[in-house]
Enquirer: 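For reference, the structure I am asking about is given below.
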Amino acid sequence: MIGAAALLAGCGAAPESNGSTAAAGGDIVEGFTPCIISDDGGWNDRSFNQSAKEGIDKAASELGVKAIEVESSSANDYAPNLENLVAEGCTFIVAVGFKLSADTVASATANPNLQYAIIDDRADTDNNGETDAPNIKPLLFDTVQAAYLGGYAAAAYSAENGVNKVGTVGGIPIPPVTIFMDGFVDGVKKYDEDKGGNVQTFGWDVAAQNGSFTGGFAANDAAKQAAQGLLDQGVDVLLPVGGPIYSSAADAIRDSGSKSVMLGVDSDLAKADPNVSDLVLTSILKRIDTAVYDAVTQAAKGEFDVTPYVGTLENDGVGLADFNSKFTLPAGLTDELSALREQIVSGSLEVTSPSSP
């Protein structure tokens with residue numbers, strides 16, 4: 001791992017085209033060196049950092065190049081870690097997450113001949129609707145669409161059990177988190193409208209855009225207490241949004257003796273962490289690994305394009321994981337979810353969030 005100590009670096013050299021290494025369907029640019037920096041959640045978050053790393057690892061393996069990967073322990077690491085990647089000769093740098101936005105813009109501005117991608121952010125620090133540096137490709141996800149399906153499924157499950165209470169808790173109130181919460185709550189509302197149900201949601205108010213947060217993405221007592229607060233209100237489906245905080249939610253469920261289940265986010269949590277698979281009903285997927293893989297491969301072939309990528313249900317950039325066979329689903333639920341998906345894709349059902357890209 002690259003250390004956090006700052007190494008002063010000037011502008012990096014641009015990759016030269018028409019290299020001689022054949023991989024992934026064609027030659028790659030000479031000297032192509034893909035790199036990636038995590039946010040402070042780290043590579044083992046079983047969520048977006050890990051998924052991004054898997055994407056670059058796959059691309060690097062197929063391309064026959066070595067990826068340089070640096071893990072950040074805190075926000076103070078972002079700027080020096082980016083400087084280190086430039087000094088190491090990186091030609092394409094992936095910044096994982098909204099929290100790296102300002103430092104990524106600064107690095108890209110200082111190194112205009114290098115290529116960057118950032119996950120979950122437009123790198124628009126001045127909020128003028130445009131990426132702040134011309135060499136950054138945003139990798140975005142309209143997660144509200146998949147979360148809507150997740151909320152509908154959660155409501156159906158809770159109603160079937162006669163509980164009629166579901167809840168969500170976030171790490172910190174940033175768009176990549178609240179977009180899940182918006183979709184989840186609106187999906188529950190859709191279930192109630194369609195079925196004449198009365199499933200209540202706890203932890204998030206879509207209209208007011210405020211709710212329950214742990215204060216960070218760490219699995220700690222604060223995260224456990226936040227999850228417990230929802231369990232104390234009687235919810236039997238819990239959506240923790242914020243990487244490792246799912247682990248604290250699982251601890252709260254087990255320690256309280258609750259029969260509640262969870263929804264995972266970003267990755268298929270039942271597969272990413274078998275230790276909690278018995279609690280996971282399904283997961284709201286954000287296919288970061290695929291987006292990173294595609295961006296790295298395109299850059300390697302000299303096809304870098306700063307046009308933002310937006311993952312949707314239509315292009316399979318977001319979706320729902322398979323349901324856990326341990327749990328009995330309400331009759332007809334999968335068909336209802338398929339129909340909703342088709343309506344969202346066709347545009348006949350509008351699903352959006354203030355945080356939609």
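Just so you know, residue 1 is the first one in the sequence shown, and it goes up from there.
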Enquirer: Check whether any side-chain heavy atom of Glu83 lies under 4.5 Å from a side-chain heavy atom of Leu85, and answer yes or no.
Expert: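 The answer is no, as the side chains (C-beta and beyond) never meet within the 4.5 Å cut-off.
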Enquirer: Side-chain contact test, heavy atoms from C-beta onward, threshold under 4.5 Å: evaluate it for Tyr152 versus Lys195 and give yes or no.
Expert: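 The answer is yes; the side chains approach within 4.5 Å.
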Enquirer: Hey, is the main chain of Gly216 close enough, under 3.5 Å, to the side chain of Thr214 for a donor-acceptor pair?
Expert: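 At least one qualifying donor-acceptor pair exists.
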Enquirer: What about Val292 and Val310, same hydrophobic cluster or not, with Ile/Leu/Val/Met/Phe/Trp/Tyr joined at side-chain heavy-atom distances under 4.5 Å?
Expert: no
Enquirer: For atom CD of Glu54, is the number of surrounding heavy atoms from other residues, nucleotides or ligands below 6.0 Å larger than 12?
Expert: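 Atom CD in Glu54 is crowded, with more than 12 foreign heavy atoms closer than 6.0 Å.
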Enquirer: Are the side chains of Asp273 and Tyr246 in contact, using a 4.5 Å heavy-atom criterion?
Expert: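 A side-chain contact exists here, since the closest heavy-atom pair is under 4.5 Å.
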Enquirer: Regarding Lys190 and Asp186, does a basic nitrogen lie under 4.0 Å from an acidic carboxylate oxygen?
Expert: no
Enquirer: Going by atom types alone, do Asp77 and Asn81 pair a side-chain donor with an acceptor below 3.5 Å?
Expert: no
Enquirer: Is there a side-chain contact between Ser107 and Tyr116 in this structure, where contact means two heavy atoms from C-beta onward sitting under 4.5 Å apart?
Expert: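 Yes, close enough: below the 4.5 Å cut-off.
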Enquirer: Measuring only between side-chain heavy atoms, which start at C-beta, is Leu140 closer than 4.5 Å to Asp120?
Expert: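 Not in contact.
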Enquirer: Any donor-acceptor pair under 3.5 Å linking the side chain of Asn220 with the backbone of Ala223?
Expert: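 The answer is yes, because a donor-acceptor pair under 3.5 Å joins these two groups.
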Enquirer: I need the Ser212 OG to Gln225 CD distance, nearest 0.5 Å.
Expert: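 Here the interatomic distance stands at 11.0 Å.
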Enquirer: If you round to the nearest 0.5 Å, how far is OH of Tyr157 from CG of Leu329?
Expert: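 Separation between the atoms: 9.0 Å.
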Enquirer: Give a yes or no on whether the backbone of Gly196 and the side-chain of Asp192 come within a donor-acceptor separation of less than 3.5 Å.
Expert: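 Side chain of Asp192 to backbone of Gly196, a donor-acceptor pair under 3.5 Å: no, none is there.
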Enquirer: Is the count of non-hydrogen atoms from other residues, nucleotides or ligands lying under 6.0 Å from Glu350 atom CD greater than 12?
Expert: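 No, CD of Glu350 has 12 or fewer neighbouring heavy atoms, counting only those of other groups under 6.0 Å.
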Enquirer: Side-chain contact test, heavy atoms from C-beta onward, threshold under 4.5 Å: evaluate it for Leu285 versus Asp266 and give yes or no.
Expert: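 They are not in contact (no side-chain heavy atoms under 4.5 Å apart), so the answer is no.
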Enquirer: State which residue, out of Asp40, Asp39, Thr104, fulfils the side chain to side chain donor-acceptor pair (under 3.5 Å) condition with Lys99.
Expert: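 Among the candidates, only Asp40 passes.
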Enquirer: Main chain of Gly129, side chain of Arg122: is a donor-acceptor contact present, judged purely on distance under 3.5 Å?
Expert: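 Not confirmed, Arg122 side chain does not pair with Gly129 backbone.
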Enquirer: For Trp43, does its backbone N or O pair with a side-chain atom of Glu71 as donor and acceptor, under 3.5 Å?
Expert: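 Looks like yes, one N/O pair under 3.5 Å.
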Enquirer: Could Asp278 and Arg254 be called an ion pair, given the rule that one side-chain N must be under 4.0 Å from one carboxylate O?
Expert: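 Yes, charged N to carboxylate O under 4.0 Å.
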Enquirer: For a 4.5 angstrom cut-off between non-hydrogen side-chain atoms, does Ile37 reach Leu100?
Expert: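 A side-chain contact exists here, since the closest heavy-atom pair is under 4.5 Å.
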